[in-house]
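Worksheet: the structure to be examined is printed underneath.
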Amino acid sequence: MDDREKLSNPQVTIQTIQKYGFQFQKRYGQNFLIDDHVIRKILRAAEITKEDTVVEIGPGIGTLTQYLAEAAGKVYAVEIDAKLLPILADTLSSYDNVEVIHEDILKCDLKQLLGEGNRCKIVANLPYYITTPIIMGLLEGQVPAESITVMVQKEVAERMDAGPGSKIYGALSLAVQYYADTYLAANVPPNCFMPRPAVGSAVIRLTRRTEPPVPVKDDEWMFRLIRASFNERRKMLVNGLRNEPTLGITKEAAEAALTEMGLPVTVRGETLSLAQFAALSDLLSV
Ligand code: SAM
């Protein structure tokens with residue numbers, strides 16, 4: 001398809017929306033891309049080739065999907081909004097390698113969709129209201145995704161990428177970095193979308209690790225400890241742990257573990273690395 005006929009041309013998007021009388025649904029986070037350069041940056045960051053099977057979350061009217069169909073071998077596009085289905089049938093009619101699936105991505109069994117042993121790359125301009133459940137579901141679940149390249153709210157991309165000591169470092173940074181290598185590919189301003197979102201956006205690629213970066217006895221328990229450590233950001237880590245009754249950690253036990261690790265008992269969660277949280281978890285888990 002000639003680039004001028006694609007939906008990345010704002011005129012084509014406007015015509016398509018008018019043709020179908022489509023109304024944007026805020027509750028579905030519908031902000032469609034209207035910028036060819038940004039879409040090309042997403043594709044470059046995701047390193048899509050004809051060998052790849054891509055799962056796109058939320059194709060909208062098919063803007064990013066048109067480019068994915070040209071670059072990839074196969075595209076599965078999972079969309080929740082039934083009103084978009086006739087539009088997608090039209091805008092994707094010239095591609096025979098795209099399958100649109102009408103489903104909520106949070107309920108979709110991607111393993112079954114792809115078939116046993118098949119891997120994929122996830123690419124999306126995400127609906128921002130469910131960014132964290134989508135990303136954590138993909139990383140924690142047994143989804144055979146090599147990489148996840150997504151447009152998210154800029155602040156969320158920065159949190160995923162942040163390291164110890166930074167103000168925005170927290171449970172999300174640690175969870176994402178346990179499962180994946182992060183790469184911030186681009187910042188994207190609101191005028192690249194229709195309608196314009198109220199926040200800035202960024203493209204981030206998460207490349208799944210084959211092995212966890214640090215050994216830990218019980219990673220599920222470590223993440224509970226991490227969440228408790230950040231519950232009271234401005235307070236000492238020991239207080240966050242003591243105040244989370246489901247962990248059953250006393251102040252004395254937390255202080256003894258920190259001392260054994262050579263850390264002051266007044267330390268705050270935001271200064272600990274993933275390796276230090278893993279060590280603390282191993283010392284405190286039963
Ligand atoms: N990919 C299009 C683009 O870049 O122009 C649209 C992106 S828009 C930010 C997010 C899309 O995700 C919308 O089409 C919305 O309907 C869809 N969506 C929202 N919640 C969803 C869910 N739970 N499962 C699947 N799709 C969802």
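Small disclaimer: the values here were computed from a predicted structure and weren't measured. Atoms within each ligand, like the ligands themselves, are counted from 1 in listed order.
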With distance as the sole test, does N125 use its side chain to make a donor-acceptor pair with the main-chain N or O of N31 at under 3.5 Å?
yes
Could you check whether any side-chain heavy atom of V216 comes within less than 4.5 Å of a side-chain heavy atom of L274, counting everything from C-beta outward?
no
Can you pull out the closest protein heavy atom to atom 8 (S) of ligand 1? Residue, atom name and distance to 0.1 Å, please.
G29 O, 3.5 Å
Is it the side chain, the backbone, both or neither of T63 that has a heavy atom closer than 4.0 Å to ligand 1?
side chain
For atom 2 (C) of ligand 1, what is the nearest protein heavy atom, given as residue, atom name and distance?
P59 O, 3.2 Å
Under the 3.5 angstrom rule, does the side chain of E103 hit a backbone N or O of I105 as a donor-acceptor pair?
no
Check each of Q25, K107, Q30, E79 against atom 14 (O) of ligand 1 and report the one with the nearest heavy atom.
E79
Under 4.0 Å from a heavy atom of D104: give me the atoms of ligand 1 that qualify, with their elements.
22 (C), 23 (N), 24 (N)
Relative to ligand 1, is E56 under 4.0 angstrom through side chain, backbone, both or neither, heavy atoms considered?
side chain
Is the Lys NZ or Arg CZ of K6 less than 6.0 Å from the centre of Y67's six-membered ring, within 45° of the axis?
yes
Tell me, yes or no, whether the heavy-atom count around K107 atom NZ, taken from other residues, nucleotides or ligands under 6.0 Å, exceeds 12.
no
Taking the six-membered ring where the residue is Trp, are the ring centres of F32 and F24 under 6.0 Å apart?
yes
Would you mind listing which atoms of ligand 1 come within a distance below 4.0 Å of any non-hydrogen atom of L126?
9 (C)
Derivation and outcome, side-chain hydrogen bond (donor to acceptor under 3.5 Å, both in side chains), residues R205 and T207:
CA-CA 6 Å; R205 186 186 68 211; T207 310; 3.3 Å; yes
Below 3.5 angstrom, do we get any N/O pair linking G60 and ligand 1?
yes
So for I57, does at least one of its heavy atoms come nearer than 4.0 angstrom to any atom of ligand 1?
no
In terms of residue, atom name and distance, what is the protein heavy atom nearest to atom 18 (N) of ligand 1?
I80 CG2, 3.7 Å
Option passing side chain to side chain contact (heavy atoms under 4.5 Å, CB included) with L258 (candidates T266, L241, V267)
V267
Can Y95 and T65 be counted as having a side-chain donor-acceptor contact under 3.5 angstrom?
no
Identity and separation of the nearest protein heavy atom to atom 19 (C) of ligand 1:
Y28 O, 3.1 Å
Who's the nearest protein heavy-atom neighbour of atom 4 (O) of ligand 1, and how far?
N125 ND2, 2.9 Å
Are any of the N or O atoms of I105 closer than 3.5 Å to those of ligand 1?
yes
Is the positively charged end of K74 above the ring of Y76, judged by distance under 6.0 angstrom from the centroid and angle within 45° of the axis?
yes
When you measure from the heavy atoms of E103 to every atom of ligand 1, does any distance fall below 4.0 Å?
yes
Taking the six-membered ring for Trp, are the ring centroids of F223 and F277 within less than 6.0 Å of each other?
no
Please confirm whether L84 comes under 4.0 Å of ligand 1, counting heavy atoms of the residue only.
yes
Which is it for C108 and ligand 1 at heavy atoms under 4.0 Å: side chain, backbone, both or neither?
neither
Heavy-atom nearest option to atom 20 (N) of ligand 1, drawn from F193, Y129, Y67
Y129
Can you find an N/O atom of L33 closer than 3.5 Å to an N/O atom of ligand 1?
yes
Using distance alone, determine whether G58 and ligand 1 share an N or O pair under 3.5 Å.
yes
Pairwise side-chain contact, I101 with E79, heavy-atom cut-off 4.5 Å (strictly under)
no
Please could you name the atoms of ligand 1 that V78 approaches to less than 4.0 Å, counting only its heavy atoms?
25 (C), 26 (N)
